[in-house]
Q: 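First, the structure itself, so that you have it in front of you.
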Amino acid sequence: MSEVRAFIQNVHHFRDECLVDAAPPIEHVAIFDEAQRAWNLKQTVDFMKRKKHRADFKQSEPEFLISCLDRHKDWAVVVCLVGGGQRSIPARRGSASG
């Protein structure tokens, strides 16, 4: 189990690493669980201003994830898992991202 934990990274940690390092991430595959809950442009820009002090941020959550993997010169894959009956709840999502 410890090997699997080392292999799987929380999307928020992935995002934060991509914010500070413009190099291609070590990962070539990103699995975006509950992709239907991804933040739109307004939600992401607001979060980046408030929590990450990035007033210049201008991408939705999916756009940024794709842009991080697009840094690779060879290949990368984003797998989006979408569950039925789930929808984004901005108040819950905003507090959970802390």
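Quick caveat, the model's predicted, so the values are computed rather than measured.
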Q: Could you tell me the separation between the CD1 atom of Ile8 and the CG atom of Asp33, rounded to the nearest 0.5 Å?
A: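 Going from the CD1 atom of Ile8 to the CG atom of Asp33 covers 10.5 Å.
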
Q: Taking atom CG of Leu19 and atom SG of Cys68, what is their separation to the nearest 0.5 Å?
A: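 The SG atom of Cys68 is 7.0 Å from CG of Leu19, to the nearest 0.5 Å.
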
Q: Please list, chain by chain and in numerical order, all residues satisfying salt bridge (charged side-chain N to carboxylate O under 4.0 Å, His left out) with Arg71, sequence neighbours excluded.
A: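 With sequence neighbours excluded, Arg71 shows a salt bridge (charged side-chain N to carboxylate O under 4.0 Å, His left out) to no residue whatsoever.
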
Q: Taking His28 for its side chain and Asp74 for its backbone only, find out whether a donor-acceptor pair lies under 3.5 Å.
A: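 No, because the side chain of His28 does not come within donor-acceptor range (under 3.5 Å) of the backbone of Asp74.
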
Q: Sequence neighbours excluded, which residues qualify as side-chain hydrogen bond (donor to acceptor under 3.5 Å, both in side chains) partners of Ser67?
A: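 Counting only residues at least two positions away or on another chain, Ser67 forms no side-chain hydrogen bond (donor to acceptor under 3.5 Å, both in side chains).
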
Q: Would you say that Asp56 contacts Arg54 through its side chain, given a criterion of any heavy-atom pair below 4.5 Å between the two side chains?
A: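 Asp56 reaches Arg54 side chain to side chain.
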
Q: What residues join Trp75 in its hydrophobic cluster, counting side-chain heavy atom gaps under 4.5 Å, either direct or through other members?
A: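 Once heavy-atom contacts under 4.5 Å are chained together, Trp75 belongs with Val29, Ile31, Val77, Val79, Leu81.
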
Q: Hey, what else clusters with Val45 if you join Ile, Leu, Val, Met, Phe, Trp, Tyr whenever side-chain heavy atoms sit under 4.5 Å?
A: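 Hydrophobic cluster check, Val45: joined to Leu41.
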
Q: Might you point out which heavy atoms bring Leu69 and Pro25 nearest each other, and give the distance in Å?
A: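 Heavy atoms of Leu69 and Pro25 come nearest at CD2-CG, 4.1 Å.
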
Q: Not counting sequence neighbours, which residues clear side-chain hydrogen bond (donor to acceptor under 3.5 Å, both in side chains) with Asp46? List them please.
A: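 Here the qualifying residues are Arg50.
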
Q: Taking the side chain as every heavy atom from C-beta outward, state whether Arg15 and Lys52 have any pair of such atoms under 4.5 Å apart.
A: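 SC-SC contact between Arg15 and Lys52 confirmed.
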
Q: My understanding is that only residues two or more places apart in sequence, or in another chain, count here; which of them pass side-chain hydrogen bond (donor to acceptor under 3.5 Å, both in side chains) with Asn10?
A: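 Counting only residues at least two positions away or on another chain, Asn10 forms a side-chain hydrogen bond (donor to acceptor under 3.5 Å, both in side chains) with His12.
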
Q: Side-chain heavy atoms under 4.5 angstrom apart, residues restricted to Ile, Leu, Val, Met, Phe, Trp, Tyr: same cluster for Val78 and Val11?
A: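 No, separate clusters.
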
Q: What is the minimum heavy-atom distance between Glu61 and Trp39, and which atoms define it?
A: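 Taking Glu61 first and Trp39 second, the nearest heavy atoms are OE1-N, 2.8 Å.
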
Q: Decide if the gap between the ring center of Phe64 and the ring center of Phe57 is smaller than 6.0 angstrom.
A: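 Ring-ring flag for Phe64/Phe57: true, centres closer than 6.0 Å.
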
Q: If I take atom CD from residue Glu63 and atom CG from residue Asn40, how far apart are they, to the nearest 0.5 angstrom?
A: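 Glu63 atom CD to Asn40 atom CG measures 10.0 Å (nearest 0.5 Å).
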
Q: Between Glu17 and Gln9, which heavy-atom pair has the shortest distance, and what is it?
A: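 Heavy atoms of Glu17 and Gln9 come nearest at OE2-OE1, 3.0 Å.
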
Q: OG/Ser60 to CD1/Ile66 distance, rounded to the nearest 0.5 angstrom?
A: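 Interatomic distance, Ser60 OG to Ile66 CD1, rounded to 0.5 Å: 7.5 Å.
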
